[in-house]
Amino acid sequence: MSTQLAAGSTRPTKPDELLRLDGVAMHYGRGETSVTALAGIDLTVSRGELVAIMGASGSGKSTLLTIAGGLTQPTSGEVVIEGQWLSDLPSAQIAILRRRTLGFVFQDFNLIPTLTAQENVTLPLELDGWPRRKTRTAGLDALAAVGLKDHAQRFPEDLSGGQQQRVAIARAIVGTRRLILADEPTGALDSATGEGVLRMLRDRVDAGAGGILVTHDARHAAWADRIVFLRDGRIVDENVRDHPESLLAGRRTI
Amino acid sequence: MSVRQSLLAILDQGPCYGYQLRTEFDRRTGSIWPLNVGQIYNTLDRLERDGLVAKGDTDEQGHVYYQITDAGHDEVTSWLSSPVVRSAAARDELAIKLAIAVTLPGVDISAVIQVQRRGSLRTLQDLTKTKNASGEPESAGDLAWQLVVDSLIFAAEAEVRWLDHSEARLARASAAGLMAPMQLTLEPPKRGRPVRAAVDNDAQVAGSL
């Protein structure tokens, strides 16, 4: 469908839409030994929206995330990031789009140990050739947004696990980046620290980013606006948090 | 029931009148389980009957102050130093529903589970949103409220996990051909209380382990 238009073209999407998957399928191998990881996924993520993906191991959660982030090309279907059809773009341009638009947050933080928190955060901007001063300001802004401005010059080993994960979130929103793709981001953290990271993720999404949170933990998924269940590569259910009722009688306002 | 011990623990801090106890209980438990004044006075009557509190002075507004006794103080100490033991056989509405549903013909048990999971997740999302909206605790009262909300959140999470587990278990059972619905039995039920006796036996076995 999309191949009719010239490479790099944009087509209309909803103004707030950051990511769209249209009929995304992923098969590994061919013929009788072919394995279906994803079977026709439709999903959108808009600004201000956090979508949780839940499912058992092998349900396709992580595959979905790598496809959404343009790291893997689906067997069929379309991935649209900020109005750009990835199938229209050569791989070099996908890499640029990825660098400018989205950031990954992984379970094991994935910070570069020889770089400071600030350098880790600004790495994508430097690769993009931003001027030094602008890079510095953007890096500090992103670190301030996750409450770590004072830790800008520290190295990962001098930060706690929770702080390292907040640096990873800062890296995912630095500069023009606004789509956070998080794969079990609290997996390596204790429960209370993990909650702080989720609170920060929620906070950044409320400030205008969009996010996908892959998790197998219902308590973590509950921070999302929508919870999507995957089973055998298909979306089997979706929970939307539209108008939360107050469940707690007599809750005073602080 | 912990209301009794909670009121006693508050009275251990000094004499209180009924309405004051209600306010103290509410602010120390995040106002999540509001008590009515009737419950408070019923509880105070029983505490007085059991010799754990005694009626004290009455102030000019007619408030009757209750005072803790030595036995009451001992009760508070014992409450704080011992675990809360939940009855293992406490009725659980959801567990009963699933157990019954699995024995009925023509019931799509995985649909029952999915409907419930959606509902439980909704609860979990609402609780999480409520907690997120309140920010970091700034007082002991906030902290008490958050502890209670966390407890509700963990309970909802446990429910979702139990549903996931049940779903997997049922899928295995179905594959093994164990999912035949139960027919109504034609044998007349025996009189007496056989089920209860079985439970008591189990409890004795568990107790002797």
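First the proteins, then the strands, lettered A, B, ... as listed; each starts at 1. If you're wondering where the values come from, they're calculated on a predicted model, not measured in any experiment. Hydrogens, waters and symmetry mates play no part in the numbers below; they use all other heavy atoms, side chains included.
- More than 12 non-hydrogen atoms from other residues, nucleotides or ligands lie less than 6.0 angstrom from CG of B/Asp108.
- The environment of CD in A/Glu32 is sparse: at most 12 heavy-atom neighbours from other residues, nucleotides or ligands sit within 6.0 Å.
- Counting non-hydrogen atoms of neighbouring residues, nucleotides and ligands closer than 6.0 angstrom, the CG atom of A/Asn110 exceeds 12 such neighbours.
- Dense packing is recorded around CG of A/Asp190, with more than 12 heavy atoms of other residues, nucleotides or ligands lying under 6.0 Å away.
- One finds the CG atom of A/Asp217 at 8.5 Å from the CG atom of B/Leu124 (value rounded to the nearest 0.5 Å).
- Going from atom OG1 of B/Thr128 over to atom CD of A/Glu195 covers 8.0 Å, rounded to the nearest 0.5 Å.
- The number of heavy-atom neighbours closer than 6.0 Å to CD of B/Gln13, taken from other residues, nucleotides and ligands shown, is above 12.
- With chain A as the partner, the residue from B/Arg117, B/Arg161, B/Lys131 showing the most heavy-atom pairs under 4.5 Å is B/Lys131.
- Distance CD1/A/Ile227 to CZ/B/Arg118: 12.0 Å, rounded to 0.5 Å.
- For the atom pair CZ (A/Arg231) and CD (B/Gln114), the distance works out to 6.5 Å, reported to the nearest 0.5 Å.
- Counting heavy atoms from C-beta outward, A/Trp223 and B/Lys129 have side chains that stay 4.5 Å or more apart.
- Contacts of B/Asp150 with chain A are made by side-chain atoms alone, with heavy-atom separations under 4.5 Å and no backbone atom involved.
- In this structure, chain A has a heavy atom under 4.5 Å from the side chain of B/Glu167, while its backbone stays farther away.
- From A/Arg202, atom CZ reaches atom CG of B/Asn132 across 7.0 Å, with rounding to the nearest 0.5 Å.
- In this structure, B/Glu157 and A/His220 have side chains that are not in contact, with every pair of non-hydrogen atoms separated by 4.5 Å or more.
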